[in-house]
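By convention in this document, chain letters (A, B, ...) are assigned in the order of the sequence lines, proteins followed by strands, and residues within each chain are numbered from 1.
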Amino acid sequence: MPELPEVESFKRYMDKTSLNKTIKSVEVKNPEILQKVDKHDLKNKLEEHQFQYTRRHGKYLFAYLDNDYWLVLHFGMTGKLIYFKDSDQSPLYDRILIGFKDKTFLAFDDPRKFGKISLVNKMDVFIKEKKLGPDAWEIGLKSFKNLFKSRKGAIKTVLMNQHILAGVGNIYSDEILFQACIHPKTPVNKLKNKKIEDVYTIMKEVLKTALDRNMANQKLPESFLIPNRVENGKCPNSDTKLETIKISGRTAYYCPECQKEPI
DNA sequence: CGTGGCTCCTGGCGGC
DNA sequence: TGCCGCCAGGAGCCAC
């Protein structure tokens, strides 16, 4: 579930809590979430070093170390970061626990273990290897329009495809399409230029609102789809019962009244 | 190129 | 009450 706004929140959380202090211990409790690095190597590369700054691309968080390595975090569906001061406060599903010399801790907590952690030399090489598309927050309108050229898949699938656009997942793609009044199955080649511009503007607004609300610990406005994205939920505009369909194996919620199917 | 199906994982919930 | 089975979904893989 962590999509771009959540990962950006984790980034700011890490910036606030975990930079510029020496790592004392690294406890890998579930080595199966490590990718292309084993736990001894991870331990060796982190201990006695410091995180200097972080970056984010799509749903990935990168933390730069003073030895020129990057710790790469992907939160899967249930992953999050938890910073705490007393060792008996460690969360229930901490897969990796980083202890700092100042006796504080940063845990990668992830009940479902869909998260992934790697250690890489170069961030851009990692992004290339993963074939990630441009970041949904950074992308400009021109490049965004280009994503839709010579494609014909369903718009929801395109928005969620990390190889095309990085950062948007199932939940926020539903929100964006709801606000743009587009049926999630609409083939992208059927969208007019103006409509694609709308999607772009709405995408930016939705991501910004979600981030602001996350940072302030506030819920999304009731006028959004997401708070109503539950069984028997109703459209905040038309009061119609929301419908669900499977698209690319994901459950899409949409309003059959506001988001008409393309003819 | 596109889509659909399966897999990984486990807490939570509906149904019997 | 207790247990079975399904669902949630990010991403990778494979078949067509």
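Positionally, the nearest nucleotide of DNA chain B for T157(A) lies more toward the 5' end than for the other of T157(A) and Y93(A).
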Result block: side-chain N/O donor-acceptor pairs under 3.5 angstrom for residues 227-235 of chain A, not counting sequence neighbours:
from: N228(A); atom 1: ND2; to: E222(A); atom 2: O; distance (Å): 3.3
from: N228(A); atom 1: ND2; to: F224(A); atom 2: O; distance (Å): 2.8
from: R229(A); atom 1: NE; to: D174(A); atom 2: OD2; distance (Å): 2.9
from: R229(A); atom 1: NH2; to: D174(A); atom 2: OD2; distance (Å): 3.1
from: R229(A); atom 1: NH2; to: T251(A); atom 2: O; distance (Å): 2.9

With a cut-off of 3.5 Å and sequence neighbours excluded, list every side-chain donor-acceptor pair involving residues 26-38 of chain A.
from: K29(A); atom 1: NZ; to: D94(A); atom 2: OD2; distance (Å): 2.8
from: N30(A); atom 1: OD1; to: R95(A); atom 2: NH1; distance (Å): 3.3
from: N30(A); atom 1: ND2; to: E32(A); atom 2: OE2; distance (Å): 3.2
from: E32(A); atom 1: OE2; to: K113(A); atom 2: NZ; distance (Å): 2.8
from: D38(A); atom 1: OD1; to: H40(A); atom 2: N; distance (Å): 3.0
from: D38(A); atom 1: OD1; to: D41(A); atom 2: N; distance (Å): 2.8

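Residue I226(A) contributes atom CD1, which lies 11 Å from atom P of dG9(C) at whole-angstrom precision. I247(A) places its CD1 atom 17 Å from the C1' atom of dA8(C), with the value rounded to the nearest Å. Rounded to whole angstrom, the span from the CG atom of N161(A) across to the C1' atom of dG9(C) amounts to 15 Å. As a whole-Å value, the separation of K246(A) NZ from dC6(C) C1' is 10 Å.
In the region residues 107-115 of chain A, proximity to DNA chain C at under 4.0 angstrom, judged on heavy atoms, holds for R112(A), F114(A).
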Distances for protein N or O near nucleotides 11-13 of chain C N or O, under 3.5 Å:
from: dA11(C); atom 1: OP1; to: H74(A); atom 2: NE2; distance (Å): 2.4
from: dA11(C); atom 1: OP2; to: K59(A); atom 2: NZ; distance (Å): 3.0
from: dA11(C); atom 1: N7; to: R250(A); atom 2: NH2; distance (Å): 2.9
from: dA11(C); atom 1: N6; to: R250(A); atom 2: NH2; distance (Å): 3.3

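A cation-pi arrangement is absent between K24(A) and F100(A) under the rule of less than 6.0 angstrom and at most 45 degrees off the ring axis.
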May I have the step-by-step check of side chain to side chain contact (heavy atoms under 4.5 Å, CB included) for L81(A) and D109(A), ending in yes or no?
-> CA-CA 6 Å; L81(A) 293 177; D109(A) 188 73; over 6 Å; no
>> Using side chain to side chain donor-acceptor pair (under 3.5 Å), reason through K11(A) and T54(A) one step at a time and then give a plain yes or no.
In response: CA-CA 7 Å; K11(A) 176 189 190 299; T54(A) 61; 3.1 Å; yes
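Residues M215(A) make up the rest of the hydrophobic cluster containing L211(A), defined by ILVMFWY side-chain heavy atoms closer than 4.5 Å, directly or through other members. Within the hydrophobic cluster formed by Ile, Leu, Val, Met, Phe, Trp and Tyr side chains joined at under 4.5 Å, directly or through other members, M123(A) is accompanied by Y53(A), Y60(A), F62(A), Y64(A), W70(A), V72(A), V120(A), F126(A), I127(A), L132(A). Think of Y93(A) as one node in a network of Ile, Leu, Val, Met, Phe, Trp and Tyr side chains linked at under 4.5 Å; its network also takes in L92(A). The other residues sharing a hydrophobic cluster with F114(A) are M77(A), where clustering joins ILVMFWY side chains under 4.5 Å apart.
You can see that DNA chain B meets the heavy atoms of chain A within a 4.0 Å-exclusive cut from dG2(B) to dG11(B), reading 5' to 3'.
Partners of S248(A) under the side-chain hydrogen bond (donor to acceptor under 3.5 Å, both in side chains) rule, at least two apart in sequence or in another chain, are T157(A).
Side-chain contact between Q52(A) and L65(A) is absent, with no heavy atoms from C-beta onward closer than 4.5 Å.
Regarding contacts with the backbone of dA8(C), every side-chain N or O of R229(A) stays at 4.0 angstrom or more from both OP1 and OP2.
In the helix from dG2(B)-dC16(C) to dC16(B)-dG2(C), the end axes, each obtained as the rotation axis mapping the C1' atoms of four pairs onto the next four within a five-pair block, lie 50° apart to the nearest 10 degrees.
Residue-level contact check: T251(A) touches the backbone only, with heavy atoms under 4.0 Å from sugar-phosphate atoms and none from bases. Nucleic acid contact class of F75(A) (heavy atoms, under 4.0 Å, all strands): none.
Aromatic ring centroids of F105(A) and Y83(A) lie 6.0 Å or more apart.
Sorted by first and then second residue, the pairs that involve residues 160-192 of chain A and meet ring pair (Phe, Tyr, Trp, His ring centres under 6.0 Å), not counting sequence neighbours, are H183(A)-Y254(A).
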